[in-house]
Amino acid sequence: MSERIADLVSRMTAAEKLGQLQIIFRPNHDDAAALVRRGIGSMFWPPSATATNALQREAVENTRLGIPLLIGLDVIHGQRTIAPVPLAQAASFDPAMVEELAALAAREARSGGVNWTFSPMVDVSRDPRWGRVVEGFGEDVLLNAALGAAMVRGYQGDDLAAATSIAATAKHFVAYGQPEGGRDYNTVDVSDHRLRNVHLEPFRAVVAAGAASVMASFNTVAGVPVHADRRLLTGILKDEWGFDGVVVGDADGVANLVPHRVATDLDDAVALAYGAGIDIEMGGTPESIGWGAERLDSARLDDAVRRVLSLKERLGLFETPYVDPDAEITEPSSESRALVRAAAARSAVLLRNDGTLPLGAPRRMLLTGPYATSTDHLGAWTQYFGARSVSIADELAAQHPEIVVTVLPGVGFVEDDADDIGGVIAAVPGHDVVVVCVGEPSSFSGEAASRSDLRLPGRQAELIRAVAAAGVPVVVVMANGRPLVVADWIDQAPAVLEVWHGGTEAPAAIVDLLFGVAEPAGRLPMSFPRAVGQIPIHYDHENTGRPATTRGSLRLTTTDVAVEGPANVAEKFTSKYLDLDLGPQFPFGHGSGYATFAYGEPRLSASVIGVDGSVELTVEVTNTSTRTGDEVVQVFLEDLVASVAPPVRRLVAFARRTLAPGETSTFSFAIGPAQLGFRLTDGTLAVEPGNVVLHVGPTLAATRPVPLRVTPPPLPH
Ligand code: NOJ
């Protein structure tokens, strides 16, 4: 603790301390300045340099101790320039890109005086009904960890005090991504094994990457609401991991302890939450400052205050509470637009392609579906309400004036009397290609936006089927914030491009992708289920004692993970649905591109290592096409026998690289305890002796195996 902080804490009254432990939603209160004068230490603020400076001035000049404010805001995937939603960023499999986008968001946000964001979300998400999957990095533990850490680095830079940095918040601690039924805020009951190996792991990584704060989640874990869970907030996060930053509650998460029925009233809730390890309560009212305070241990109170003041100090706010209004960034620049345009293209996933994509030089194109004209590409989290992008139709007209484009949306996002599929079909003849732009509007995903039906809403599937039967090449472009159930049309669509909600420049990126100006190479960060009834579904499931097989196949061994196709229902006592094929529609990691790649045999620098040893895994990849393109190499671990049932596959490494036509590149990965081990329920990493197989390839379904033997440590003499 610095001298300044020690001195401040020694001089603060109890009321001044408690004021530092609350962030209030500015829009709920008319007179923000009065709140600051009353001692509120942090505030949500609509970003504007002049407004935040005025507020900081109140804090610095008109409070007894002159402590500057944390100004918090949900800067989730961009501030003025909107990047693809985090789920889309995850599909890029590109930590460097994620870091760059976060750095851009931080630059724009801090220029307006925001110094604290509530991002990244690293909730491992295996239930696409849950609308918040859009805000995170999907179902895989490593991807969440790697991209979460990259986002933290991007936001925070090397120095939080820099005019381009903001404090990151890893959220929502913990297991918020596994709500029962996929319903937001719902109960989570999770074993310590899964908590340790799945939900806590990404948080461990982002805390190690230096995340300045961590947000508690709304849910219970095994009956205890996290806002009141001392074991998780203090025991694991602060004591075991040594997290010395700020634990912030989620919006009214402390007050929610009353409806959770673990607190009798707000007084009780506040005492429980701070006692459990919350340092800043989010929400509440100025009147609620101090509730429950008399029940708070004074050492705990001082610890929380120190954490908050230290963050303010690290942000340089004591020296520089104000930002330069002349340097405020209020609009996207041409550079920031170029960055998010490239990012939107890098995030796209080519789900299917029979060669229709990229488009050649069509003379006449029919553009249909609700996303033909929709300008709703920004995604679930934007702070400037009403901000839109352009539409695909407008972008197409601007980029390709030589093409005669007929624009007929045909249907909306919800079923409507104005739907006119017949009109679209009547217009098909005479066009060289039909591009059907479908999806979910931004409001269908995000917080409190769970859905029980994951098919394309309205009559969009019907439109696709009708167009696909009309005898002209068809491309489907899907813009959405979650995996969808596409079984009712996918087999009829020869080329399908998943573009997610791509942000400010999404339509430009989509047109780039359609014409091959940009190359799709993203991979799915979440499985697309065949049916809602299959959820939760994720590739890293356990094998069960009775794995199912496909019809006609031999009994599978654990190495046959990419099981897809008709379930062998003649085999009665196996783990399957009688009415569903095995496996998801598209598994995690699925995706292709316009370029093609060939893999050499993966090799290990040693075939036997000790439990604390490491090997280098290398594989040569050659671009066998005439296009420059990106390849994503994925490395999965299969542990053949372990003391705890292991997942059938687990992603342990990945890399994305651009290769010129004919170019061969050697990808190499370090495989050691972090890749081979798993967490025991006390949090220690266990590497067990035995045989494992590393599977290397472009997707789960197309990997090559390489065996590795892990030997026990030598016996002591
Ligand atoms: C509730 C959300 O769960 C959280 O992620 C967000 O940061 C806060 N609201 C503040 O908007």
Side-chain angles (χ1 to χ4, degrees), residues 22-29 40 42-47 70-79 85-87 102 105-106 109 114-125 127 130-137 144 148 151-152 155 166-179 182-188 199 202-203 206 211-221 225-227 233 245-257 259-260 273 278-285 311 379-385 442-443 445-450 481-482:
Q22 194 164 8
I23 176 164
I24 284 208
F25 285 99
R26 157 72 182 90
N28 296 350
H29 302 277
I40 288 290
S42 305
M43 194 162 302
F44 267 81
W45 188 255
L70 291 175
I71 308 269
L73 196 72
D74 290 285
V75 180
I76 307 291
H77 52 107
Q79 178 73 327
V85 293
L87 188 66
V114 171
N115 48 43
W116 187 21
T117 183
F118 305 111
S119 169
M121 179 180 120
V122 290
D123 299 317
V124 174
S125 310
D127 193 326
W130 188 50
R132 294 205 84 168
V133 303
V134 68
E135 198 180 335
F137 301 118
N144 270 282
M151 212 173 237
V152 167
Y155 287 137
I166 54 178
T169 304
K171 71 187 189 188
H172 307 82
F173 188 86
V174 62
Y176 185 42
Q178 194 182 309
R183 219 177 65 223
D184 206 1
Y185 317 127
N186 205 7
T187 303
V188 174
H199 299 292
F203 284 96
V206 291
S213 63
V214 170
M215 184 185 288
S217 58
F218 286 128
N219 54 283
T220 55
V221 171
V226 174
H227 282 69
L233 297 179
V246 169
V247 176
V248 61
D250 201 344
D252 292 331
V254 174
N256 291 170
L257 294 177
H260 265 303
I278 297 281
D279 300 311
I280 294 189
E281 176 192 356
M282 180 183 285
T285 62
L311 178 55
W381 267 116
T382 49
Q383 294 294 345
Y384 295 89
F385 303 107
S442 296
S443 61
S445 52
E447 186 177 349
S450 295
R482 60 152 63 79

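Owing to the predicted nature of the structure, the values given are computational and were not obtained by experimental measurement. Every number for a ligand or one of its atoms is a count from 1 in the order of the listing.
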Proximal ligand 1 atoms for H172, defined as those under 4.0 Å from one of its heavy atoms: 3 (O), 4 (C), 5 (O)
Does any N or O atom in R132 lie less than 3.5 angstrom from one in ligand 1, N or O only? yes
Sub-4.5 Å side-chain heavy-atom contact between E135 and K171: yes
By number and element, which atoms of ligand 1 are closer than 4.0 Å to a non-hydrogen atom of M215? 4 (C), 7 (O)
Protein residue, atom and distance nearest to atom 9 (N) of ligand 1, heavy-atom basis: D250 OD1, 3.4 Å
Does a donor on one side chain and an acceptor on the other come within less than 3.5 Å for W130 and S125? no
Could you say whether the N/O atoms of E135 and ligand 1 ever approach to under 3.5 Å? no
Could you tell me if Y155 and S119 have a donor-acceptor pair between their side chains, going purely by distance under 3.5 Å? yes
Counting from 1, what ligand 1 atoms have a heavy atom of K171 closer than 4.0 Å? 4 (C), 5 (O), 6 (C), 7 (O)
Out of all atoms in ligand 1, which are within 4.0 Å of some heavy atom of A251? Include the element for each. 9 (N)
Do V85 and W381 have side-chain heavy atoms sitting under 4.5 Å apart? no
Looking at atom 6 (C) of ligand 1, what's its closest protein heavy atom, distance included? D74 OD1, 3.3 Å
State the atoms of ligand 1, each with its element, that fall below the 4.0 Å cut-off from a heavy-atom position in F118. 7 (O)
If you measure from each non-hydrogen atom of M121 to ligand 1, which part falls under 4.0 Å: side chain, backbone, both or neither? neither
Specify whether F203 and F173 have parallel, tilted or perpendicular ring planes, treating 30° as the upper limit for parallel and 60° as the lower limit for perpendicular. perpendicular
Is W381 in polar range of ligand 1, meaning some N or O pair under 3.5 Å apart? no
